[in-house]
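Here's the structure we're looking at; comments come further down.
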Amino acid sequence: MPELPEVETLVRGAKQKLMGKTIKDVKVAWPKAVGGNVAGFTKTLIGKKIQGASRRGKLIILELSGDVTLLTHLKLTGQLVYEDKSGKLYEGGHREKVLYGAPLPHKFTAVEITFSDGSKLYFNDLRKFGWMKVSDKQHVISNKELAEIGIEPTDKEFTKEKLQELLNKKSKTKIKDFLMDQSLIAGLGNIYSSEILWEAKIAPKRPAGDLKPAEVGELYRAIGKVLEMAIKLGGSSESTYVRLDGSKGNFMDYAKVYQKEGNPCARGDGGKIKREKIGGRSAFWCPVCQK
DNA sequence: CACTTGACCTGTCCGC
DNA sequence: TGCGGACAGGTCAAGT
């Protein structure tokens with residue numbers, strides 16, 4: 001999915017649009033998305049008020065009244081889309097296209113939440129890997145989904161030293177796989193791991209423990225730079241991702257290597273962007289500047 | 001333990 | 001035009 005910048009963008013949207021709203025009705029069209037217990041899921045949510053929005057890695061956390069938490073994971077193709085009571089999304093452009101070519105709700109709407117003011121929140125998911133889950137606050141802390149997530153790269157505690165420490169711990173792991181491991185650093189996925197390694201001029205197959213101090217510094221800098229830029233641009237709409245208002249993120253216009261196989265490297269060093277599977281996923285890099 | 005493969009789903013795109 | 005295969009932002013579990 002949606003990786004950290006996309007999820008962060010959605011959370012910011014939720015803070016703007018959803019706070020204080022009371023859930024009036026919940027419709028579940030894809031029971032698997034909520035763990036099968038449609039009645040329990042629905043009953044827990046109805047009547048609750050939205051009081052907070054945050055994220056942990058790629059997990060979206062909505063805090064509700066009554067100590068209830070609604071967790072959402074969008075996996076590869078999930079969308080969270082807000083519509084006001086007149087059915088309006090954002091101003092202008094490609095609404096049909098980004099929302100799977102049909103008015104909401106449609107065949108990919110897994111969950112539809114209606115608020116007391118008539119506005120709605122849709123959870124759409126083409127590939128149906130995403131999920132929603134409710135639990136009480138006490139429970140969430142010990143929740144496996146949350147407990148096993150590594151450090152937030154946007155936190156102050158994430159320092160160069162901390163990065164070095166993690167690299168030492170997983171010294172034989174390929175650096176691309178290292179970046180994607182959610183239990184080490186939270187929120188990096190297939191787009192940003194490739195983009196970060198290009199920015200840091202590090203080849204994706206290098207063992208994590210082999211990076212020289214200067215390279216660790218570059219990697220640390222690249223993580224911060226790429227994430228900041230991606231968040232600023234509202235994330236990447238590579239296929240189905242949209243912001244809460246249905247509009248697309250703009251980071252793909254600035255991507256240097258992801259999905260750029262065969263293109264000349266943006267550094268102008270004469271390298272041609274390569275693609276190869278690493279850890280089962282396509283990695284993209286420039287063989288000239290990434291050492 | 002690390003690493004790979006398949007599963008979960010549906011769609012798009014490319015080559016023949 | 002049709003068909004088959006590869007591929008797609010993510011995690012899990014099982015096998016080697």
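The basis for the numbers below is simple: all heavy atoms, side chains too, and nothing from hydrogens, waters or symmetry mates. Chain naming here is simple, since letters A, B, ... match the order of the sequence lines and numbering starts at 1 in each.
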[X], nearest nucleotide to its side chain (from [options]):
{"X": "Gln259(A)", "options": "dC3(B), dA8(C), dT10(B)", "answer": "dA8(C)"}
{"X": "Glu238(A)", "options": "dG11(B), dA2(B), dG9(C)", "answer": "dG9(C)"}
{"X": "Glu6(A)", "options": "dT10(B), dG9(C), dA2(B)", "answer": "dG9(C)"}

Under 4.0 Å: is that the gap between some side-chain N or O of [X] and OP1 or OP2 of [N]?
{"X": "Ser282(A)", "N": "dA8(C)", "value": "yes"}
{"X": "Lys277(A)", "N": "dA8(C)", "value": "yes"}
{"X": "Gln182(A)", "N": "dT11(C)", "value": "yes"}
{"X": "Lys58(A)", "N": "dT11(C)", "value": "yes"}
{"X": "Arg275(A)", "N": "dA8(C)", "value": "yes"}
{"X": "His73(A)", "N": "dT11(C)", "value": "yes"}
{"X": "Arg281(A)", "N": "dG10(C)", "value": "yes"}
{"X": "Lys107(A)", "N": "dG11(B)", "value": "yes"}

**Prompt:** So, Tyr241(A) and dG9(C): ring centres less than 5.5 Å apart, planes less than 30° off, yes or no?
**Reply:**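 No; by the centre-distance and plane-angle rule, Tyr241(A) does not count as stacking on dG9(C).
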**Request:** Would you say whether Phe129(A) stacks on dC8(B)? The test is a distance between ring centres of less than 5.5 Å and an angle between planes of less than 30°.
**Result:**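 According to the criterion (under 5.5 Å, under 30°), yes, Phe129(A) stacks.
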**Request:** Can you tell me, in whole Å, how much space there is between the P of dG6(B) and that of dA6(C)?
**Result:** 11 Å
**Interatomic distance at P, dC13(B) relative to dG9(C), whole Å** =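 It comes out at 15 Å once rounded to the nearest Å.
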Could you tell me the separation between the [atom1] atom of [X] and the [atom2] atom of [N], rounded to a whole number of Å?
{"X": "Leu188(A)", "N": "dG10(C)", "atom1": "CG", "atom2": "C1'", "answer": "13 Å"}
{"X": "Ile278(A)", "N": "dT5(B)", "atom1": "CD1", "atom2": "P", "answer": "14 Å"}
{"X": "Lys205(A)", "N": "dT4(B)", "atom1": "NZ", "atom2": "P", "answer": "11 Å"}
{"X": "Met252(A)", "N": "dA8(C)", "atom1": "CE", "atom2": "C1'", "answer": "12 Å"}
{"X": "Met180(A)", "N": "dG9(C)", "atom1": "CE", "atom2": "P", "answer": "8 Å"}
{"X": "Ile149(A)", "N": "dC12(C)", "atom1": "CD1", "atom2": "P", "answer": "9 Å"}
{"X": "Asp181(A)", "N": "dC12(C)", "atom1": "CG", "atom2": "P", "answer": "12 Å"}
{"X": "Lys174(A)", "N": "dC3(B)", "atom1": "NZ", "atom2": "P", "answer": "6 Å"}

**Prompt:** DNA chain B: Lys32(A) or Asp177(A), which has the more 5' nearest nucleotide?
**Reply:**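 Final value for this comparison: Asp177(A).
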**Message:** Over all strands shown, is Gly189(A) touching base, sugar-phosphate only, or nothing at heavy-atom distances under 4.0 angstrom?
**Reply:**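 Touches sugar-phosphate only.
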**Asked** Which one of Thr77(A), Thr240(A), Thr109(A) satisfies the side chain to side chain donor-acceptor pair (under 3.5 Å) criterion with Asp125(A)?
**Response**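 Exactly one pass, corresponding to Thr77(A).
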**Item:** Ionic contact status for Lys291(A) with Glu215(A), cut-off 4.0 Å
**Value:**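 Lys291(A) and Glu215(A): not salt-bridged.
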**Pairing nucleotide - dC9(B), Watson-Crick or G-U, each distance under 3.5 Å** = none
**Item:** Nucleotide forming a Watson-Crick or wobble pair with dG9(C), both distances under 3.5 Å
**Value:** none
**Asked** Which pairs, with at least one residue in residues 9-24 of chain A and sequence neighbours excluded, count as a side chain to side chain donor-acceptor pair (under 3.5 Å)?
**Response** Glu8(A)-Arg12(A), Lys21(A)-Tyr82(A), Lys21(A)-Asp117(A), Lys21(A)-Ser119(A)
**Item:** With sequence neighbours excluded, residues passing side chain to side chain contact (heavy atoms under 4.5 Å, CB included) with Arg267(A)
**Value:** Trp198(A), Lys201(A), Cys265(A), Asp269(A), Cys289(A)
**Asked** With a 4.5 Å limit on heavy-atom distance, are the side chains of Lys32(A) and Lys128(A) in contact?
**Response** no
**Prompt:** Just by distance, with hydrogens left out, do Tyr192(A) and Glu6(A) show a side-chain donor and acceptor under 3.5 Å apart?
**Reply:**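 Checked: Tyr192(A)/Glu6(A) side chains pair up, N/O donor to acceptor below 3.5 Å.
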